[in-house]
Amino acid sequence: MAEVLVVVEHSGGEVKKVTLEMLTLARELGTPSAVVFGGPGVVGPLVGKLSQYGASTVYAGEDALFEEYLVAPKAAVLADLVRSTSPVAVLLGSTQEGKEIAGRLAVKLDNGLLTDVTGLDGDGTATQVIFAGSVIVKSRVTRGLPLVTVRPNSLTPTPTPTPAPASAGAQVTPLQVSVDDTARLARVVERKVEPKGARPELTEASVVVSGGRGVGSGDNFKLVEELADLLGGAVGASRAAVDSGFYPHQYQVGQTGKTVSPQLYVALGISGAIQHRAGMQTSKTIIAVNKDAEAPIFELADYGIIGDLFKVVPQAAEEIRKR
Ligand code: FAD
C-alpha cells in the first residue's frame, strides 16, 4: 500500500503529540512510515508508540550528526529517502524545525510545499486557515508529491483500532546517513536545556489559560498560573501582557507568537484583537473573562463572563478545588 512518510518530533524519549496527529492523518492517505532523527539509541524508546499509532516502518536516522548540526543534514537524508521510497506524501510538524526541514526538502526535490495545514483529504487536498483565521483555503501541491507541514493540535490523535501485538510492532529500518559538506554549514556549539516545568508545553496542551493586559502585573499572573495548574493546563499571554513585561515572550499566543488549538482556551483580561485570535481561534471551547461587555473576545467565546477577573478567577478556582 502507498507509503506516507511522517517525520517524527520527539523530546526526552517521548513522541510529541503533533507526531501522533500526523500518523492519524497519514492513515487516511496510505500506510504511515515514521522517520526518526537523533543521536545513537534515540529510536528504541519511540517505536512502541509509533506502532500504536499506525507506523508500519520506522526509518532510524541515528547519528551524532543530527545532534551536532542544524536541520540541513536531516533535509539531505530525507531527500534521499523520498527518492528511494517514492512515498505518496510527506508530513512534518508545523514547528520551527519542521518548517525549516520542509522548506529545504522542497527545494531539494523541486517540489511544492504547503505549510500550517489543518486537514488533508485522501486525494491530497489540504486545508489551511489564513489571514489571521478569516479565510479557509483548500489547496493542493501541483508540482511533485503532497509535502505538507501540519499545525499542532489540528486533530485528535487516535491509535489504530486494532493495535499490533507488542511482538509485531513497526519494522525498524536503519537509514543510510551520508551527507556532503554543504549540510554541515552551521553547527550547534552549546545547548542549554530549560528546566522542564510541571506544566505541559503550550502548543501541545489540551488546556491553555492566557492572561492579557487586564491581569495588570507580572505578580498577578500567579492567578493565571494557579487556574492553569488546577486545570492541568499551560499558561499563555497576549502580546500586550508580554510587552508590558508581565510574562516571557515564549508564552505569547497570536500572530507573532505561538499558535494553540487546545480543547479549552481561557482568556483572562484579553480584549480579543485579531492578532491574538489568529493564534487561538481554532480552540475547541473558548471561555473569556472580561469586564467590558463590548470586548471583541466575546464574539468568539463559547462562554463569556462579564466581570472582574480578580473576583471571577478565585471563585472559579475555589469551585474546581471542591471537585
Ligand atoms: P488590551 O487590548 O489592552 O485588552 C485588555 C482587556 O482586559 C480589555 O478588554 C479590558 O476590558 C480587560 N480588563 C482589564 N481589566 C480587567 C479585569 N480586572 N477583569 C477582566 N477584564 C479586564 N497580540 C497578541 O496577543 N499576540 C500576537 O501575536 C500579536 N501580534 C501582533 C502583530 C502585529 C503586527 C500587531 C500590529 C499587533 C499584534 N498583537 C498581538 C497586538 C494586538 O493588536 C493587541 O494589541 C493585543 O492582543 C492586546 O492585548 P490584550 O488583549 O491583552 O490588551
Side-chain angles (χ1 to χ4, degrees), residues 18 93-96 98-99 115-116 118 128-135 149 151-154 199 201-205 207-228 230-231 233-262 264-320:
V18 66
S94 240
T95 58
Q96 227 170 343
K99 282 197 266 197
T115 57
D116 258 341
T118 56
Q128 290 162 303
V129 182
I130 64 160
F131 292 144
S134 54
V135 177
T149 69
R151 179 187 282 197
N153 284 317
S154 294
R199 294 189 193 105
E201 200 185 309
L202 183 55
T203 54
E204 300 238 318
V207 176
V208 174
V209 181
S210 285
R213 201 196 311 264
V215 173
S217 73
D219 256 6
N220 291 346
F221 250 78
K222 289 199 186 94
L223 207 61
V224 182
E225 291 177 334
E226 189 188 354
L227 187 59
L230 282 169
L231 296 169
V235 174
S238 72
R239 178 159 159 183
V242 169
D243 287 352
S244 308
F246 300 169
Y247 223 64
H249 176 257
Q250 76 231 48
Y251 299 100
Q252 183 179 314
V253 171
Q255 189 180 320
T256 44
K258 301 257 166 72
T259 301
V260 300
S261 194
L264 175 64
Y265 187 87
V266 184
L268 304 173
I270 293 177
S271 59
I274 186 134
Q275 296 90 352
H276 185 79
R277 292 158 73 142
M280 46 66 75
Q281 64 193 346
T282 53
S283 305
K284 310 300 173 289
T285 302
I286 297 168
I287 300 177
V289 181
N290 198 303
K291 64 182 183 186
D292 175 8
E294 303 295 319
I297 192 75
F298 288 130
E299 292 161 14
L300 193 65
D302 299 286
Y303 301 94
I305 301 161
I306 302 164
D308 184 344
L309 70 93
F310 296 104
K311 289 190 183 139
V312 174
V313 175
Q315 280 173 25
E318 198 183 315
E319 276 306 311
I320 297 166

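Values below: all heavy atoms of this structure, side chains included; hydrogens, waters and symmetry mates excluded. Atoms within each ligand, like the ligands themselves, are counted from 1 in listed order.
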*Given Thr149, which of Thr115, Val18, Thr95 fulfils the side chain to side chain contact (heavy atoms under 4.5 Å, CB included) condition?*
Thr115

*Check the side chains of Ser154 and Thr118 for a donor-acceptor pair under 3.5 angstrom, ignoring hydrogens and angles.*
no

_Ring geometry between Phe221 and Phe246 (parallel below 30°, tilted from 30 to 60°, perpendicular above 60°)_ = tilted

_Set out, in order, the CA-CA distance, both residues' side-chain angles and the distance that settles side chain to side chain contact (heavy atoms under 4.5 Å, CB included) for Lys284 and Ser261, then state yes or no._
CA-CA 7 Å; Lys284 310 300 173 289; Ser261 194; 3.4 Å; yes

*Under 3.5 Å, is there a donor-acceptor pair between the side chain of Lys258 and the main chain of Tyr251?*
no

*Identify, chain by chain and in numerical order, each protein residue with a heavy atom under 4.0 Å from an atom of ligand 1.*
Gly212, Arg213, Gly214, Ser238, Arg239, Ala240, Gln252, Val253, Gly254, Gln255, Thr256, Gly257, Gly269, Ile270, Ser271, Ala273, Gln275, His276, Asn290, Lys291, Asp292, Gly307, Asp308, Leu309, Phe310

*Can you tell which of Val260, Asp302, Val209 makes a side chain to side chain contact (heavy atoms under 4.5 Å, CB included) with Tyr265?*
Val260

